[in-house]
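Heads up: numbering here begins at 1 and tracks the sequence.
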Amino acid sequence: MSSVRPATIAASSSSARAWPRVRRGLPYGSQGVGIGLVLGGLLSQEFGAAVATSLFPRAGAAGIVTLRLVLSAALLLAVCRPRVRGHRRADWVLVVGFGASLAGMNFLFYQSITRIPLGAAVTFEVLGPLVLSVVLARRAASWLWAGLALAGVALLSRGGFGRLDAAGVAFALGAAALWAAYILMSARAGGRFPGADGLALAMAVAAALSLPVGVADAGGALLDPVTLGLGMVVAVLSSAFPYSLELLALRCVTPSVFGVVSTLAPVVAVAAGYLVLGQVLALVDIVAIALVVAATAGAVRTAWR
């Protein structure tokens, strides 16, 4: 599902400290509304990834990633209008690293979903935030959740990773590692830049880094009007719309609740893969995904306690 995730399932301690300040003075929405907003963001992200997959024959995975990043950057820069002057060198180093992790995460994930089902790819990718939650929590119970997740992964890859395509799994795990890096850099950027300015600038860096690769891979196909229009749909579904819903959701629920609900991403990805792409997983695969979802939710809850 890799996409812009301004609020992540492995919420950092810095975001935890910031949450009361964000919420103070804002209307208190019900838990149900907040959870509905989080679920709406997940649906938008995963169905956006499914639509992106269906566009690969038009411009290739690299081309579609580039198109999405460029259009997402344009949307974020237009909405946020981040201040460019007045930042220190260390701030720009962070932005470049943030953007590089964002670009790499998306490229690896999209390479993964060209080879393995969307639900399986998201399940492997979510291991990045899971491992980060376990490490940051420093609690014995977290390692039990990690063991449960490993059991789910072993079940999902029964008979060897070749059953799913080894390269696809490797790409998904690489995206998982970069997602963990994205989370850490996102937390740091949140402390250095106001609002979503850090994310907007990082997205611009990601777009600039991806452009040469996308142009080399897709060429003039990127300028096809139909591809451009569908790419804008993907950018809105995968970035702009879920980002807005997540910000609204964090006014209604705590980051802990947000994190737990966000662990349903693999389940939503399975549904999107089935409905949009016709991808069907065996019952044992669904059980494996459920184990990883339960483990990730448990790890996030443990970390927040």
Side-chain angles (χ1 to χ4, degrees), residues 1-12 14-15 41-42 44-46 48-49 52 61-80 82 84 87 90-113 121-122 124-129 131-132 171-193 195-215 217 231 234-244 246-247 262 265:
M1 99 173 146
S2 237
S3 59
V4 181
R5 296 179 177 94
T8 62
I9 67 173
S12 66
S14 61
S15 63
L42 288 179
S44 184
Q45 285 176 341
E46 302 309 336
I64 296 302
V65 171
T66 296
L67 195 58
R68 202 199 111 204
L69 289 175
V70 169
L71 293 174
S72 295
L75 287 171
L76 278 173
L77 291 173
V79 172
C80 299
V84 176
H87 300 298
D91 297 335
W92 287 112
V93 170
L94 175 61
V95 164
V96 171
F98 191 6
S101 68
L102 185 55
M105 177 177 69
N106 280 277
F107 266 101
L108 291 177
F109 180 76
Y110 275 49
Q111 289 297 324
S112 174
I113 60 179
V122 173
F124 285 118
E125 191 195 25
V126 85
L127 294 178
V131 171
L132 187 60
F171 282 128
L173 292 176
L178 287 176
W179 189 2
Y182 165 87
I183 290 169
L184 295 173
M185 292 187 190
S186 178
R188 291 184 61 189
R192 290 173 178 259
F193 296 89
D197 284 11
L199 177 63
L201 293 171
M203 183 63 76
V205 171
L209 292 175
S210 69
L211 198 55
V213 180
V215 170
D217 183 62
V234 170
V236 171
L237 285 176
S238 299
S239 302
F241 190 59
Y243 172 68
S244 301
E246 287 173 353
L247 287 181
S262 294

- Query: Tell me, do V84 and W92 make a side-chain contact under 4.5 Å, heavy atoms counted?
  - Reply: yes
Under 3.5 Å, sequence neighbours excluded: what are the donor-acceptor pairs made by side chains of residues 197-212?
from	atom 1	to	atom 2	distance (Å)
S210	OG	A206	O	3.2
S210	OG	A207	O	2.9

- Message: Ring-plane angle category for H87 and F193, please: parallel below 30°, perpendicular beyond 60°, tilted otherwise.
- Response: tilted
Considering residues at least two apart in sequence or located in another chain, which fulfil the side-chain contact (heavy atoms from CB on, under 4.5 Å) criterion with [X]?
X    : value
V213 : A62, F107
L71  : L67, M232, A235
A52  : I64, Y110, V234
A177 : none

- Among L108, L127, L178, side-chain contact (heavy atoms from CB on, under 4.5 Å) partner for L173: L127
- d(N106 CG, Y182 OH) to nearest 0.5 Å is 9.0 Å
- Rounding to 0.5 Å, atoms CZ (R188) and CG (D91) come to a distance of 9.5 Å
- Message: Please find the pair of heavy atoms, one from F98 and one from M185, that lie closest to each other, and give the distance.
- Response: N-SD, 3.3 Å
- Of all residues at least two apart in sequence or in a different chain, which pass the ring-ring contact (aromatic ring centres under 6.0 Å, His included) check with F241? none
